[in-house]
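Encoded as structure tokens, the structure appears first; notes follow it.
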Amino acid sequence: MEPVQKKKLYVEVLDRLMEAISTSEFPPGSQLPSEKELMNMIGVGRPSIREAMLAMQQMGLIKISHGERARVINPTPDVIVAQISAAMIMMLATNPRGLQELKEVRLLLETGLVRVATRRATARDLDRLADSIRQLQEARGDQARFVAVDMQFHVIIAEMSGNSMIAAVSKGMLDWLSRFKRDLVAMKGAERLTIEEHERIYKAIAGGDAEAAAAAMAEHIDRANELYSKLKTSAQP
């Protein structure tokens with residue numbers, strides 16, 4: 001049996017501060033006490049306070065501005081996803097399996113999302129999707145804009161779910177994928193196919209057919225994944 005590992009002092013400080021935030025002793029929007037006040041309150045030195053505060057800032061729980069006390073941030077799903085975005089993009093660029101695994105997650109997530117979006121679609125939602133398709137048609141030939149509008153179509157569907165956690169994860173995932181997707185739309189016929197597939201998804205949602213929408217979404221994502229595989233193969237020496 002291994003001996004119990006003693007926590008580093010800054011970790012104990014971190015636990016105390018996180019508990020104070022979670023119990024609303026320091027609610028979102030409020031300022032934390034000064035470093036000196038925290039030292040007196042918790043009974044530790046300045047290095048432990050600073051290390052704990054830095055860890056909290058990296059976790060997206062507080063914002064530290066020069067000359068001001070740290071302020072507690074409301075940890076919304078969007079803020080949390082933004083905190084991990086840089087690390088995710090690095091992982092996708094360096095892990096041979098990372099991008100493929102993310103695409104598998106996307107397929108599962110977006111086919112489920114589009115079912116929910118179909119059941120909850122409002123007239124305004126349908127107008128936004130239709131406008132996105134019009135913008136996609138106008139963006140043909142402009143690679144960067146086309147990818148951005150393509151992603152926005154999927155973001156709208158995520159937002160239609162009404163679930164802020166799912167929407168934030170989906171938007172983050174789409175942003176990560178967009179960094180690697182631009183070459184796909186340059187392939188011959190890819191823009192036309194993307195527009196046609198978006199139209200099929202839209203028509204299924206507008207018609208209230210959740211299963212048809214999911215099938216159209218799966219076909220759209222599978223086709224994009226197949227194009228990516230062909231692109232990677234052709235790029236290899």
Side-chain angles (χ1 to χ4, degrees), residues 1-106 108-110 112-113 148 151-152 154-156 158-180:
M1 184 177 295
E2 295 183 359
V4 175
Q5 297 294 317
K6 185 177 180 180
K7 284 185 178 180
K8 291 184 177 180
L9 193 55
Y10 91 89
V11 176
E12 295 184 9
V13 175
L14 178 61
D15 289 344
R16 292 276 298 277
L17 291 173
M18 289 181 64
E19 182 181 0
I21 291 173
S22 65
T23 57
S24 295
E25 183 178 346
F26 303 124
S30 67
Q31 288 184 315
L32 292 178
S34 67
E35 287 184 357
K36 188 174 182 179
E37 289 171 331
L38 287 172
M39 289 164 59
N40 293 331
M41 290 168 60
I42 303 175
V44 297
R46 193 180 300 273
S48 296
I49 295 294
R50 287 187 172 176
E51 201 166 355
M53 299 275 274
L54 180 59
M56 291 175 69
Q57 179 176 243
Q58 292 171 338
M59 293 164 67
L61 297 177
I62 63 172
K63 180 178 180 181
I64 301 175
S65 301
H66 182 68
E68 297 182 8
R69 295 184 181 186
R71 188 175 297 277
V72 180
I73 296 174
N74 185 19
T76 64
D78 285 322
V79 168
I80 293 168
V81 171
Q83 286 295 122
I84 66 169
S85 285
M88 280 297 301
I89 291 167
M90 180 64 70
M91 192 258 318
L92 294 173
T94 57
N95 183 341
R97 282 281 301 161
L99 196 56
Q100 181 58 39
E101 289 178 353
L102 183 61
K103 286 174 181 176
E104 291 173 1
V105 172
R106 181 192 180 192
L108 291 171
L109 181 61
E110 289 211 60
L113 265 175
M151 294 294 102
Q152 185 58 30
H154 294 271
V155 167
I156 292 169
E159 292 174 344
M160 287 167 64
S161 71
N163 186 311
S164 62
M165 289 187 185
I166 293 176
V169 170
S170 181
K171 285 186 279 187
M173 177 187 63
L174 290 167
D175 178 58
W176 306 331
L177 282 170
S178 72
R179 311 298 179 97
F180 303 90

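Note that the numbering runs from 1 along the sequence shown for the chain.
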Quiz item: Does L38 reach the side chain of L17, with side-chain heavy atoms less than 4.5 Å apart?
Solution: yes

Quiz item: Does a side-chain heavy-atom distance below 4.5 Å link E51 with K8?
Solution: no

Quiz prompt | Heavy-atom side-chain contact between H154 and R106 under 4.5 Å | solution = yes

Quiz prompt | Nearest-0.5 Å distance that lies between atom CZ in R50 and atom CD1 in I64 | solution = 10.0 Å

Exercise. Nearest 0.5 Å please: distance from the CD1 atom of I84 over to the CE atom of M90.
Key: 14.5 Å

Exercise. Measure the shortest side-chain to side-chain distance between L174 and E110 over non-hydrogen atoms and say whether it is less than 4.5 angstrom.
Key: yes

Quiz item: Do side-chain atoms of R71 reach the backbone of G29 as a donor and acceptor pair under 3.5 angstrom?
Solution: yes

Quiz prompt | Heavy-atom check, side chain of S164 versus side chain of T76, under 4.5 Å | solution = no

Self-check item: Where G45 and M39 come nearest, the two heavy atoms and their spacing
Solution: C-CG, 4.1 Å

Practice problem: Tell me, with the steps shown, if K103 and L177 meet side chain to side chain contact (heavy atoms under 4.5 Å, CB included). | Solution: CA-CA 8 Å; K103 286 174 181 176; L177 282 170; 4.2 Å; yes

Practice problem: Please say whether more than 12 non-hydrogen atoms of neighbouring residues, nucleotides or ligands are located less than 6.0 Å from CE in M59. | Solution: yes

Self-check item: Spacing of E104 atom CD and R97 atom CZ [to the nearest 0.5 Å]
Solution: 5.5 Å

Exercise. I would like to know whether I156 and Q152 meet side chain to side chain contact (heavy atoms under 4.5 Å, CB included); could you show each step before the answer?
Key: CA-CA 6 Å; I156 292 169; Q152 185 58 30; 3.8 Å; yes

Quiz prompt | Distance-minimising heavy-atom pair for Q31 and F26 | solution = O-CD2, 4.4 Å

Quiz item: Where do L113 and S161 come nearest, in terms of heavy atoms and distance?
Solution: CD2-CB, 3.6 Å

Self-check item: Gap between atom CE of M18 and atom CG of L61 - 0.5 Å precision
Solution: 5.5 Å

Practice problem: Please report the shortest heavy-atom distance between V13 and A52, naming the atom on each side. | Solution: CG1-CB, 3.7 Å

Exercise. Work out which heavy atom in G172 is nearest to a heavy atom in V81; give both atom names and the distance.
Key: CA-CG1, 3.7 Å

Quiz item: Would you find a donor on one side and an acceptor on the other, under 3.5 Å apart, between the side chain of T23 and the backbone of E19?
Solution: yes

Quiz prompt | L14 CG to L9 CG distance, which is reported to the nearest 0.5 Å | solution = 11.5 Å

Exercise. Of all the heavy-atom pairs spanning P27 and V72, show the shortest one and how long it is.
Key: O-CB, 3.6 Å

Practice problem: Take M41 and I49, measure what side chain to side chain contact (heavy atoms under 4.5 Å, CB included) needs, and give me the verdict at the end. | Solution: CA-CA 11 Å; M41 290 168 60; I49 295 294; over 6 Å; no

Quiz item: Would you say the side chain of R69 lies within less than 4.5 Å of the side chain of L32, judging by non-hydrogen atoms?
Solution: no

Quiz item: How about D175 and M151: do any of their side-chain heavy atoms sit closer than 4.5 Å?
Solution: no

Practice problem: Go through the steps to decide whether D78 and K171 satisfy the test side chain to side chain contact (heavy atoms under 4.5 Å, CB included), and finish with yes or no. | Solution: CA-CA 9 Å; D78 285 322; K171 285 186 279 187; 3.9 Å; yes

Quiz item: Could you state the interatomic distance from CD1 (I62) to CE (M56), rounded to the nearest 0.5 Å?
Solution: 5.0 Å

